[in-house]
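Here is the structure we will look at.
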Amino acid sequence: MEFFKNVPVVKYEGKDSANPMAFRYYNPEEEIAGKTMREHLKFAMSYWHTLCAEGTDMFGRGTMDKSFGGQTPMDVYKNKAYAAFELMDKLSIDYFCFHDRDIAPEGETLAECNANLDVIVDLMEGLMKERGKKLLWGTANCFNHPRYMNGAGTSPDADVFAYAAAQIKKAIEVTIRLGGSGYVYWGGREGYETLLNTDMGKELDNLGFLLKLTSQYGRSIGFKGDYYIEPKPKEPTKHQYDFDAATVIGFLQKYNLTEDFKLNVEANHATLAGHTFQHELAVARVNGAFGSIDANQGDLQLGWDTDQFPTNVYETTLCMLEVLKAGGFTNGGLNFDAKTRRASWTPEDIAYSYIAGMDGFALGLRMADKILKDGRLDAFVDKRYESYKTGIGKKIAERTATIEELEAYILAKGDVETTASGRQEYLENIFNAVLFS
């Protein structure tokens with residue numbers, strides 16, 4: 001059965017192509033900065049938005065049928081798997097990501113859930129070998145079921161904590177079986193609505209213990225990849241404990257998790273936290289915590305997670321600048337945590353959306369490479385901090401200066417003034433000139 005009948009195998013046709021089912025900028029085997037575009041970008045399909053999301057919102061029912069012709073719950077999820085691999089083939093996507101409850105029907109008990117998972121994982125394992133696809137990362141959906149209304153690792157109910165630990169255990173086992181190079185902890189409801197009913201210290205301690213317990217279990221059974229935490233400031237809870245990159249890094253340091261954990265940074269979450277996407281990536285990079293990316297964009301006029309496909313080339317360029325500065329992806333990649341708009345309800349719209357997002361990031365990669373090769377931005381930054389290369393600045397940079405020495409130096413000089421203009425507008429003009437040359 002063919003599920004995307006009107007979607008052909010999408011190929012690269014160049015920037016002048018008028019074919020809506022073609023890539024204009026993503027040429028998978030083209031080499032840029034020493035790697036193919038395929039290797040640089042490591043595109044992944046998100047199972048939840050692509051195969052499960054039906055266009056529902058808080059004001060309306062679904063506008064899309066994602067049963068894929070299945071008549072029973074198990075048949076529906078088997079067909080989702082066949083549809084997923086067909087779409088990845090047609091779009092030249094090598095990786096996919098999923099939550100445990102995306103890929104198999106939920107049972108009445110954890111034992112039933114696990115049994116359903118095993119059936120679908122058998123199928124997916126065969127499809128992966130047949131189609132040459134890889135799992136970028138797996139995760140557990142510990143936020144959708146009513147039992148998690150108060151959180152999972154941060155729930156006030158010990159039974160819920162225990163259930164979450166058992167569910168995560170199984171999800172890690174499935175991730176290992178399918179060869180995943182990462183495992184994400186997405187704290188969907190790990191936060192609070194009001195401090196009037198919350199013991200923040202206990203909740204944070206319990207969450208740290210849950211991460212330590214389950215991640216160590218994964219290592220004990222052979223998981224070699226990265227564990228990720230995905231920062232998000234709010235929604236569904238008013239305040240999430242994984243608010244932004246800096247908050248997460250502080251949490252990891254407090255609970256001695258930095259050796260195993262990195263960050264999975266999402267563009268829309270960055271803007272909801274009041275930051276730029278580039279800022280969150282830079283914070284992760286300079287703290288040695290850069291891991292993977294959820295590629296999307298938000299609507300800055302809305303205060304919630306819209307998960308739109310990324311088409312803002314300024315944003316994708318600044319993102320890929322950070323990725324290149326970080327040395328590229330290791331175990332991570334670009335997962336399209338993005339969904340078609342509610343009114344874009346046809347199977348073809350899914351393909352158009354992925355093409356737009358993939359071309360958006362391919363163009364961002366091309367532009368980031370041009371900016372680095374141009375060199376003027378890096379040269380400006382280097383010159384701006386040149387006072388740390390000689391004299392007292394060199395001693396500061398080498399951490400050999402004493403407080404007494406710094407005091408004596410300034411007393412001898414009498415007064416100082418900065419000589420380094422930021423020249424933001426000048427640099428923004430260079431950025432535009434490189435992009436549109």
Side-chain angles (χ1 to χ4, degrees), residues 58 99-101 106 109-110 113 138-172 183-220 226-266 268-275 280 283-284 287 289 291 294 303-305:
M58 63 282 284
H99 304 81
D100 51 0
R101 301 299 179 249
E106 192 161 7
T109 66
L110 182 62
C113 292
T139 187
N141 183 329
C142 293
F143 52 86
N144 184 265
H145 193 281
R147 77 173 65 87
Y148 295 125
M149 68 175 69
N150 295 308
T154 59
S155 173
D157 298 301
D159 284 357
V160 173
F161 181 102
Y163 193 104
Q167 185 178 339
I168 293 168
K169 174 180 179 290
K170 179 65 175 180
I172 290 174
Y183 182 86
V184 170
Y185 289 83
W186 190 75
R189 295 188 189 276
E190 312 294 26
Y192 65 83
E193 300 292 347
T194 174
L195 286 173
L196 295 176
N197 63 12
T198 301
D199 184 337
M200 184 187 290
K202 183 179 290 294
E203 290 193 359
L204 287 168
D205 287 347
N206 284 350
L207 182 59
F209 178 59
L210 179 66
L211 267 58
K212 178 73 75 173
L213 193 68
T214 52
S215 63
Q216 286 182 342
Y217 172 74
R219 295 291 187 225
S220 75
D226 289 330
Y227 292 110
Y228 303 119
I229 294 182
E230 183 173 321
K232 186 178 184 181
K234 57 184 177 180
E235 192 195 50
T237 63
K238 182 177 77 172
H239 180 91
Q240 304 252 150
Y241 291 134
D242 50 0
F243 185 89
D244 61 5
T247 303
V248 171
I249 290 167
F251 175 89
L252 294 175
Q253 291 170 343
K254 178 179 179 180
Y255 294 102
N256 298 314
L257 294 166
T258 53
E259 185 175 338
D260 279 327
F261 280 80
K262 297 184 185 301
L263 270 58
N264 183 55
V265 178
E266 179 179 317
N268 203 167
H269 293 176
T271 52
L272 287 174
H275 304 309
E280 290 291 88
V283 170
N287 284 283
D294 269 10
W304 61 85
D305 209 359

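Being a predicted model, the structure only gives us computed values, none of them experimental. Heads up: numbering here begins at 1 and tracks the sequence.
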By salt bridge (charged side-chain N to carboxylate O under 4.0 Å, His left out) - contacts of Lys202 (at least two apart):
none
Is there a donor-acceptor contact under 3.5 Å linking the side chains of Thr154 and Glu190?
yes
In chain order, what residues pass the ring-ring contact (aromatic ring centres under 6.0 Å, His included) check against His239, with sequence neighbours excluded?
Tyr192, Phe243
Assess the residue pair Thr214 and Tyr185 against the criterion (side-chain hydrogen bond (donor to acceptor under 3.5 Å, both in side chains)); give the C-alpha distance rounded to whole Å, side-chain angles, the decisive distance to 0.1 Å, and a yes or no.
CA-CA 10 Å; Thr214 52; Tyr185 289 83; 2.6 Å; yes
Sole residue of Thr258, Ile249, Leu263 in side-chain contact (heavy atoms from CB on, under 4.5 Å) with Asn287:
Ile249
Partners meeting ring-ring contact (aromatic ring centres under 6.0 Å, His included) with Tyr228 (sequence neighbours left out):
none
What's the shortest heavy-atom distance between Ala171 and Ala140, and which atoms?
CB-CB, 3.9 Å
Salt bridge (charged side-chain N to carboxylate O under 4.0 Å, His left out) with Asp260: which residues, sequence neighbours excluded?
Arg219
Please list, chain by chain and in numerical order, all residues satisfying side-chain hydrogen bond (donor to acceptor under 3.5 Å, both in side chains) with Thr271, sequence neighbours excluded.
none
Distance from Ile229 atom CD1 to Tyr241 atom OH, nearest 0.5 Å?
14.0 Å
Results of salt bridge (charged side-chain N to carboxylate O under 4.0 Å, His left out) for Lys232 - residues two or more places apart only:
Glu235, Asp305
dist Arg189:CZ -> Thr237:OG1 (nearest 0.5 Å) comes out at 8.0 Å
Considering residues at least two apart in sequence or located in another chain, which fulfil the side-chain hydrogen bond (donor to acceptor under 3.5 Å, both in side chains) criterion with Thr139?
none
Where Val265 and Ala284 come nearest, the two heavy atoms and their spacing
CG2-CB, 4.4 Å
Tell me, please, which residues at least two apart from Arg101 pass salt bridge (charged side-chain N to carboxylate O under 4.0 Å, His left out).
Glu106
Would a distance-only check, ignoring hydrogens and angles, find a side-chain to backbone donor-acceptor pair under 3.5 Å from Glu230 to Glu266?
no
If you look only at distance, which donor and acceptor atoms sit under 3.5 Å apart when one is on a side chain in residues 159-168 and the other is two or more places apart or in another chain?
unit_1, atom_1, unit_2, atom_2, d
Tyr163, OH, Arg147, NH2, 3.4
Gln167, OE1, Tyr148, OH, 2.8
Gln167, NE2, Asp100, OD2, 2.9
Gln167, NE2, Asn141, O, 3.0

Which pair of non-hydrogen atoms, one from Tyr183 and one from Gly138, has the smallest distance, and what is that distance?
CD1-O, 3.2 Å
Heavy-atom pair with the smallest gap, counting every atom of Pro233 and Ala273
CG-N, 3.5 Å
side-chain hydrogen bond (donor to acceptor under 3.5 Å, both in side chains) filter on Glu280, not counting sequence neighbours, yields none
Can you sort out the partners of Ser215 under side-chain hydrogen bond (donor to acceptor under 3.5 Å, both in side chains), two or more places apart, ordered by chain and number?
none
Lys234 and Lys238: which non-hydrogen atoms are nearest, and at how many Å?
CB-O, 3.4 Å
Acceptor/donor pairs from residues 204-212 side chains to any protein atom, 3.5 angstrom cut, sequence neighbours excluded:
unit_1, atom_1, unit_2, atom_2, d
Asp205, OD1, Tyr255, OH, 2.6
Lys212, NZ, Asn256, O, 2.9

Shortest non-hydrogen pair, Pro156 vs Asn150, comes out as CD-CB, 3.6 Å
Interatomic distance, OG1@Thr198 vs CD@Glu203, rounded to 0.5 Å, equals 5.0 Å
